> 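Structure provided below as structure tokens; questions to follow.
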Amino acid sequence: MTAVLEVSNIKKSFGGIKAVDDVSFDVQEGEILGLIGPNGCGKSTLFNCILGQLAPTGGEVKVDGKVVTGLRPSELNRLGVSRTFQLLQVFPKLSVRENLILAGQEHQGTMMSRLLGPSDAGLTAAADQMIGFFKLDHLATEAAGGLSYGQQKLLDAAMAFMGGPRLVLLDEPAGGVNLTMLGDLKERLASINRERRATFVVIEHNMEFVMSLCTRVMVMAEGKLLAMGTPAEIRANPAVVEAYLGH
Amino acid sequence: MSDAILDVQGLVGGYGKMTILNGTSFSVPAGSITTVIGPNGAGKSTVFKAIFGLLKLREGKIVFKGREVTGLSQRELLTSGICYVPQGRNIFPELSVRDNIQLGAVVAGRDIIDLPVRIEAALDKFPVLRKKATQQASTLSGGEQKQLEIVRGLLLNPQLVLIDEPSIGLSPLMVQQTFNILKELRDRGVSILMIEQNARSALEISDYGIVLELGQTRLVDRAERVLNDPRIGQLFLGGAMTETAA
Amino acid sequence: MTWSGKHLRIALGVAVVAALIIVPMNFNRYGLYILSQWAVMTIAAMGLNLTLGYAGQVSLAQGAFVGIGAYAAAIMTTQGLPLVAALAVAVALCFAIGWILGYPALRVQHHYLAFVTLAFSTLAFLVFRNEDWLTKGIYGISNIPRPNVMGFATNRPLPFYYFCLGSLGIVSLAMWWLIRSPWGRAFVALRENPVRALSLGIDTRRYTLMAFAIGSALGGVAGTLYAPLTQYIDPVPFNLSLSLDLLMMVIVGGSGFFFGPFLGAAIAVLLPEWLRFTQGYYLMLYAVAVMLLLIYSPTGILGVLNRYLTERRTKAASALRAVAKSRLETAP
Amino acid sequence: MSNLLDLLVAGLATGAIYAIVAVGFTLLWQTSQTINFAQGEFVMLPAFLMLAVMHVGAPFWLAIILGILLSLLLLGLGFKLLLVDPMLRHGVLPLAIATMALAIGIKEAVKQFFSAEASPFPSIVPVGDVSVLGRVVSLQSLGVLALAIAAVIGLTALLNRTSIGHQMQATAQNPTVARIIGVPVERMILLTFLINAFLVALASLLITPIYLAKFSSGEVLGQAAFIAAIVGGFNQVRGAIAGGLLIGVVDNLAAAYVSTQYRAAVPLILLIVIILFRPQGLLGRPEERTV
Amino acid sequence: QGAPIKLADVAELSGGGATVGNNWKNGIDLAIEEINGKGGVLGRKLEVTHADSQSNPGVARAQVQKALDNEPYVLLGPGYSGSVKVTSPLAAEAGIAHIMGGEAAELTQGGNKFLFRTSFGQQSSMPKVAKYINDELKAKSVAIVWVNNDFGKGGRDVISKEFAKYNIKVTADLSTEAGQADFAADVSKIKAAAPDAVFIYLNEEESARILKELKRQAVAAPLVGETTLVGQKVVELAGDAANGARGHVGLTTDAPVDLVKAFREKFVKKYNYVPDHNGLKGYLAIYMVKATTEKMGKVDAKKFADTLHGLTIKAASEPGILMDVTFDEKGDIDRQGFLVEIVEGKQVVKQVLPKLN
Ligand SMILES: Nc1ncnc2c1ncn2[C@@H]1O[C@H](COP(=O)(O)OP(=O)(O)OP(=O)(O)O)[C@@H](O)[C@H]1O
Ligand SMILES: Nc1ncnc2c1ncn2[C@@H]1O[C@H](COP(=O)(O)OP(=O)(O)OP(=O)(O)O)[C@@H](O)[C@H]1O
Ligand SMILES: [Mg+2]
Ligand SMILES: [Mg+2]
């Protein structure tokens with residue numbers, strides 16, 4: 001087993017607020033790591049620092065052993081790291097299919113071949129497959145901005161997989177998604193994880209989802225790492241119950 | 001079943017030429033928590049928008065406390081006692097947290113003498129917000145923004161609360177907290193109409209459940225019956241979720 | 001799009017192109033001049049439509065690029081160099097300057113970007129006016145020759161009009177290709193949601209610069225046609241108001257729509273001419289017309305059309321939903 | 001040295017004029033996301049309305065009152081109902097373009113119905129000079145500066161300290177949500193436009209004796225206001241003062257020490273540097289977090 | 001009674017030159033009204049179409065093209081020299097006489113046989129001003145303030161050469177913008193340069209503003225200019241700051257000539273304001289058409305230009321021309337001029353510069 005993602009001593013503060021305070025952890029290849037913690041404990045900020053969306057105040061991030069701190073999100077993405085967002089982030093005026101093609105196109109060919117090649121970069125089939133999986137078939141040509149909340153959330157997740165990533169950071173993928181669909185989503189994640197040895201880090205407040213999907217769970221509180229362990233260990237950890245789960 | 005505080009009758013409408021609601025009807029018993037569930041894109045949020053006058057209806061009417069309120073302005077609906085907490089991100093990003101909350105009492109204006117007291121009480125329930133009262137709202141985390149919306153929405157003394165998926169983005173503890181607040185409100189006689197995908201926990205605190213699909217009411221029943229209905233469970237509650245995980 | 005719909009569109013396109021070629025044959029000099037001007041302005045507006053309409057980067061400098069192109073053409077062709085050489089220089093120059101002007105867009109957006117480009121526009125105007133040694137300053141450059149295209153002289157109005165129309169045709173085809181390519185989609189991504197785009201591997205930095213550079217280069221192309229069209233240039237036409245006019249063309253035509261600039265330029269160039277019979281009131285009426293148009297359709301002329309098309313699409317989608325619904329109802 | 005002081009004071013006097021026009025400009029942005037490219041023309045027009053009233057024989061004071069009322073009606077109510085309402089939901093640019101057209105319309109109308117000539121305009125501030133920092137400044141300039149400062153203080157207090165102000169801001173930031181919580185969105189927008197109309201009428205009264213009543217005098221003013229607002233920070237009313245004064249001063253210094261030929265560009269280029277280092281403008285708030 | 005004689009006017013009715021163009025247009029309309037009221041020219045009425053060049057040479061060209069497509073008798077306008085430069089070849093090509101308002105020196109130096117001025121070109125007015133500054137003021141150094149458009153730059157270029165001839169040193173050479181409001185920096189530069197005289201070549205409004213600023217900063221050197229510095233308009237706008245300003249005036253409504261005074265009255269009566277020299281130019285253009293046509297005895301567009309070359313029109317026989325005038329082979333004008341000074345808000349003629357021949 002090799003570490004796909006190594007995070008060491010990441011810090012991020014806004015003014016006086018320490019949103020992320022010296023967090024270190026590794027993610028092994030093929031792992032599904034859950035990330036939980038109370039609202040405002042710094043989970044999303046940690047993602048943003050790892051992905052280059054925010055410049056961390058301190059610390060270092062490695063992907064596949066290579067230092068990536070300071071890289072831009074697009075560069076990281078082309079190294080095979082993709083993500084989803086907590087708040088809805090789609091391209092509202094483009095159709096669902098266009099959204100998905102867009103999500104994959106920069107992983108095809110070169111700048112030049114993309115200019116001169118086919119207009120869909122050869123991705124229509126892949127996009128439609130993804131659409132089929134997320135049960136968005138009847139919406140394929142509709143503008144993404146007109147989708148319901150849960151549908152946009154699913155589209156956002158679908159977009160993260162279009163480029164065939166090795167490491168995916170998902171920020172609350174389950175929020176607003178119907179339970180039946182969520183079951184499918186979970187299976188899909190698990191199968192991608194199995195078949196392509198893709199690695200996931202998942203922020204989620206839905207405990208059933210996290211505990212049944214993840215191999216390991218990490219808990220943050222007030223910017224710091226509070227606990228790390230198997231789902232069962234975490235569930236039994238009194239500090240976690242106190243700070244996060246409630247009774 | 002007590003008297004209905006809200007009666008939704010045969011709503012037909014949608015976005016542009018697209019029809020989303022195909023004759024949706026149901027009623028909300030006074031003093032209850034009623035939860036609407038259904039697949040993504042069923043039209044749940046659309047129903048709420050219709051009730052709150054944000055969607056032009058082609059047919060149907062909405063009766064609140066025996067009075068027809070179809071087509072009233074949001075201000076009028078608020079003064080008559082309905083409040084609405086929508087789905088998604090609904091804050092004023094450049095205003096401070098406190099200003100955002102205070103705006104919740106705009107309709108009542110100076111009528112509420114105890115406004116500061118109420119704000120304090122609300123902040124007691126959501127202590128994070130107190131800590132960040134002077135911060136710009138856009139800098140809050142996703143869950144904190146949701147809390148802010150809930151507090152703001154409940155600042156007035158509503159008789160009917162429309163709340164669209166309050167649990168999105170909230171930690172389990174905060175979900176419990178929010179549901180407790182809703183229960184407290186019900187116990188004070190306030191009626192609550194809620195949409196939830198977190199359906200199990202929601203139905204557990206609810207009195208009634210409504211299943212919506214393709215813009216139509218498929219089932220209206222007592223909450224525990226909806227929760228235990230095997231077909232509903234299969235279709236909308238993910239079957240037995242924990243079992244499929246291996 | 002149905003079979004017949006597609007063919008209808010092609011037929012319409014062919015008809016319009018044929019009309020643009022045939023109808024002006026017996027136009028007088030003035031009519032041809034105005035039509036040539038329309039073609040030139042369309043090219044410039046197409047460039048801005050790429051930068052602003054597709055990529056969402058506000059630019060108040062497009063007029064300056066038209067100016068740079070025009071001066072390149074004027075200076076070089078009055079020295080006896082061929083217009084193609086001037087075109088090459090103008091495109092290269094505008095591309096490079098546009099690229100550089102794109103850098104501020106990486107840091108600032110919206111009105112701040114508008115300000116930076118406005119400043120550039122002012123600066124360009126002052127350079128045109130003050131650097132006499134190069135541009136002959138306020139006196140301008142006169143006797144700009146018209147080119148020979150493949151052995152044909154374009155001195156007369158009709159050949160020159162065809163020259164402009166042909167250039168417009170070539171530019172349109174290239175633009176059509178660009179917009180439909182993945183690049184075009186990436187530009188739109190830049191406009192719609194740069195944050196998401198970035199996280200999908202789209203190098204927003206490079207695309208932003210590209211959008212500026214290509215858009216500006218088209219401004220340069222328009223300029224190289226403008227100079228031989230008027231045969232005299234001075235700095236005044238290339239001040240800020242040209243940039244604002246071009247912006248108006250893009251928005252009024254329908255920003256982010258391929259055919260927007262064609263219509264926008266037609267409105268901006270032709271409408272005032274049609275209103276001239278009202279004498280002193282024509283600009284007032286023109287202003288009112290533009291306002292009414294925007295009030296009726298804030299998304300531009302093509303916005304109306306788009307609204308209509310979306311409605312048709314939603315009807316189709318509604319049908320799909322209805323099918324799904326009946327399936328559900330007949331399900332056990 | 002005395003030369004420098006001269007320039008400084010002169011720059012401040014001109015800057016105060018820009019500031020006063022910019023104040024309303026930022027107000028419209030802050031409360032309804034409107035970029036009004038006709039703001040300069042808005043300042044030009046009331047003076048002509050007053051002149052027209054005087055032309056039919058009314059005394060100056062009556063002309064002022066009627067002029068202000070007409071401004072409220074035309075530039076406040078009319079502008080809002082006819083132009084802004086249909087377009088507000090469709091983003092910034094269409095409305096900005098429409099105001100550009102409006103600017104042309106107003107200019108042409110004034111030219112057509114009044115005159116293409118400049119005419120003098122009576123001053124309500126007594127004509128006279130006072131000595132500031134050892135340099136003569138006209139009372140008019142001081143009046144302009146005073147009004148600009150008063151407007152900024154008043155508006156800042158209104159926006160940040162009162163419920164109405166918060167409702168205005170809420171309306172601008174998210175009209176749908178504002179509506180949902182019961183903000184009377186229409187009334188808030190109307191109020192904003194009325195305030196702006198009142199401000200431009202006052203500005204017109206103070207500025208026109210200096211700039212002369214002329215159909216084209218709004219062009220320079222409008223552009224200067226736009227620039228001042230951006231430099232000062234678009235989302236802060238008080239930025240307008242800083243921006244306006246800065247432009248006035250830098251412009252004068254540039255003309256004196258750099259080049260009169262490039263006078264128009266020097267301040268712009270300097271200000272670009274400011275913008276690039278402080279993208280939110282001098283006194284502006286940084287933009288919100290995006291993810 | 002024949003068909004009306006069609007004239008075409010293209011002028012700066014909007015944009016930066018709107019004041020110029022509208023004065024010109026009003027002058028034209030006034031003259032045509034007068035002439036038609038008295039039965040027209042050779043019994044035929046005059047009819048003019050006005051087109052707006054938007055102060056943009058490109059548009060001017062289009063409009064002139066349009067006008068020429070309708071085969072007018074004579075083409076009038078525009079007033080901006082740049083626009084004249086683009087359009088005059090078109091008129092020449094069509095063989096139509098072109099009477100315009102531009103003052104740039106070079107316009108009539110390209111050998112165009114169809115182009116005519118309505119006022120002095122800068123090549124004839126500027127030497128007079130330079131001579132005055134040298135002979136009367138005995139200045140050894142001057143500051144030049146000019147508006148940076150083709151009008152101002154043209155004047156500045158010509159007079160700089162004249163100053164060089166007299167060995168007068170230019171100690172400050174200040175370009176200003178059209179529509180500029182704040183002249184503090186310019187005046188403080190003038191002050192620093194301490195010249196023996198200041199030559200001001202701006203439009204009327206800017207002239208008024210700089211006069212106020214010069215007074216405020218107490219600049220003592222004599223202020224010299226052209227029509228645009230000492231016109232009634234400037235006095236009206238600048239108030240007593242205008243006192244002491246002097247200048248050469250080729251064409252002014254303040255000229256001590258009865259016919260001019262009468263013209264001014266008529267103009268004010270019709271339009272409610274005092275015209276600047278562009279109003280006079282437009283008015284004269286029409287009377288040039290009338291006099292030339294009557295001289296030919298027929299309406300002949302082809303012969304018009306030939307006839308006007310070398311023609312002298314006497315005010316005695318054609319009062320509308322206001323002052324005796326002669327056109328030379330280049331289309332330049334020869335007429336009486338004045339040197340005036342503003343004294344207590346009034347123009348006082350200090351010297352009459354007679355017509356050359
Ligand atoms: N603004 C809009 N424009 C066009 N169509 C829309 C719009 N909003 C929603 N829709 C469509 O209406 C349907 C119902 O949407 P709605 O938001 O009511 O669903 P929902 O039941 O709330 O779903 P979710 O559980 O995902 O929130 C969806 O299919 C969606 O595509
Ligand atoms: N730009 C900013 N300025 C100031 N504070 C910020 C900023 N961005 C984030 N914060 C603060 O940092 C903390 C962490 O935010 P973050 O979004 O990472 O939380 P989170 O763990 O994702 O919470 P949630 O579960 O609610 O999504 C919060 O307290 C937030 O207020
Ligand atoms: Mg988060
Ligand atoms: Mg919903």
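Note that the coordinates shown come from a computational prediction; the quantities given were computed from them, not determined experimentally. Below, read A as the first sequence line, B as the second, and so on, with proteins coming before strands; counting in each chain starts at 1. Scope of the values below: all heavy atoms of this structure, side chains included, with no hydrogens, waters or symmetry mates.
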> Side chain, backbone, both or neither: which part of I195(B) has a non-hydrogen atom closer than 4.5 Å to chain A?
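The answer is neither part of I195(B).
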> Looking at D164(B) and K44(B), is there a salt bridge between them, counting it only when a charged N and a carboxylate O are closer than 4.0 Å?
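The answer is no: the pair does not qualify as a salt bridge.
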> Atom OG1 in T230(A), atom CD in E233(A): separation rounded to 0.5 Å?
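T230(A) OG1 to E233(A) CD: 3.5 Å, rounded to 0.5 Å.
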> Between E120(B) and R98(B), is there a salt bridge with N-O shorter than 4.0 Å?
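Looking at E120(B) together with R98(B), the answer is yes, because their closest N to O distance falls below 4.0 Å.
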> Measure distances from A243(A) to the heavy atoms of chain B and classify the residue's part below 4.5 Å as side chain, backbone, both or neither.
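For A243(A), the contact with chain B is made by the backbone alone.
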> Give me the ring orientation class for F48(B) and Y84(B): parallel if the planes are under 30° apart, tilted from 30 to 60°, perpendicular past 60°.
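Judged by the thresholds at 30° and 60°, the geometry between F48(B) and Y84(B) is perpendicular.
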> Name, in order of residue number, those residues of residues 169-176 of chain A that have a heavy atom at a distance of less than 4.5 Å from a heavy atom in chain B; otherwise write 'none'.
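Answer by number: E172(A), G175(A), G176(A).
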> State plainly whether the residues D21(A) and K12(A) are in salt-bridge range, i.e. N to O under 4.0 Å.
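No, this pair does not count.
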> Report the C-alpha distance between R186(B) and D207(B) in whole Å, list the side-chain angles of each, state the deciding distance to 0.1 Å, and finish with yes or no for salt bridge (Lys or Arg N to Asp or Glu O under 4.0 Å).
CA-CA 10 Å; R186(B) 173 193 49 197; D207(B) 305 293; 3.1 Å; yes
> At a heavy-atom separation under 4.5 Å, does I17(A) approach chain B through its side chain, its backbone, both, or neither?
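Answer is side chain: those atoms of I17(A) sit under 4.5 Å from chain B.
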> For chain A, which candidate among S167(B), G88(B), G169(B) shows the most heavy-atom pairs at distances under 4.5 Å?
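Between S167(B), G88(B), G169(B), the count favours G169(B).
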> So which part of L154(A) gets closer than 4.5 Å to some heavy atom of chain B, the side chain, the backbone, both or neither?
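It is the side chain, since no backbone atom gets that close.
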> Should the pair F161(A) and F200(A) be assigned to parallel (<30°), tilted (30 to 60°) or perpendicular (>60°) ring geometry?
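Ring orientation of F161(A) relative to F200(A): perpendicular.
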> Can you tell me which portion of Q147(B) sits under 4.5 Å from chain A's heavy atoms? Options are side chain, backbone, both or neither.
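Just the side chain, heavy atoms under 4.5 Å.
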> Show, in sequence, the C-alpha distance, side-chain angles and deciding distance for E222(A) and K224(A), and conclude whether the salt bridge (Lys or Arg N to Asp or Glu O under 4.0 Å) test is met.
CA-CA 6 Å; E222(A) 299 189 347; K224(A) 290 196 173 61; over 6 Å; no
> Counting heavy-atom pairs closer than 4.5 Å to chain B, which one of V177(A), L88(A), L147(A) comes out on top?
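Heavy-atom pair counts peak at V177(A).
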> Below 4.0 angstrom, N of the basic side chain to O of the carboxylate: do E184(B) and K125(B) qualify?
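Result for this pair is yes, salt bridge flagged.
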> Side chains of R222(B) and N228(B): any donor to acceptor distance under 3.5 Å?
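There is no such pair (donor and acceptor under 3.5 Å, judged by atom type) between the side chains of N228(B) and R222(B).
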> Counting only heavy atoms closer than 4.5 Å, note whether E144(B) contacts chain A via side chain, backbone, both or neither.
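Both backbone and side chain.
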> Please classify the contact of Q135(B) with chain A as side chain, backbone, both or neither, using a heavy-atom distance under 4.5 Å.
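Answer is side chain: those atoms of Q135(B) sit under 4.5 Å from chain A.
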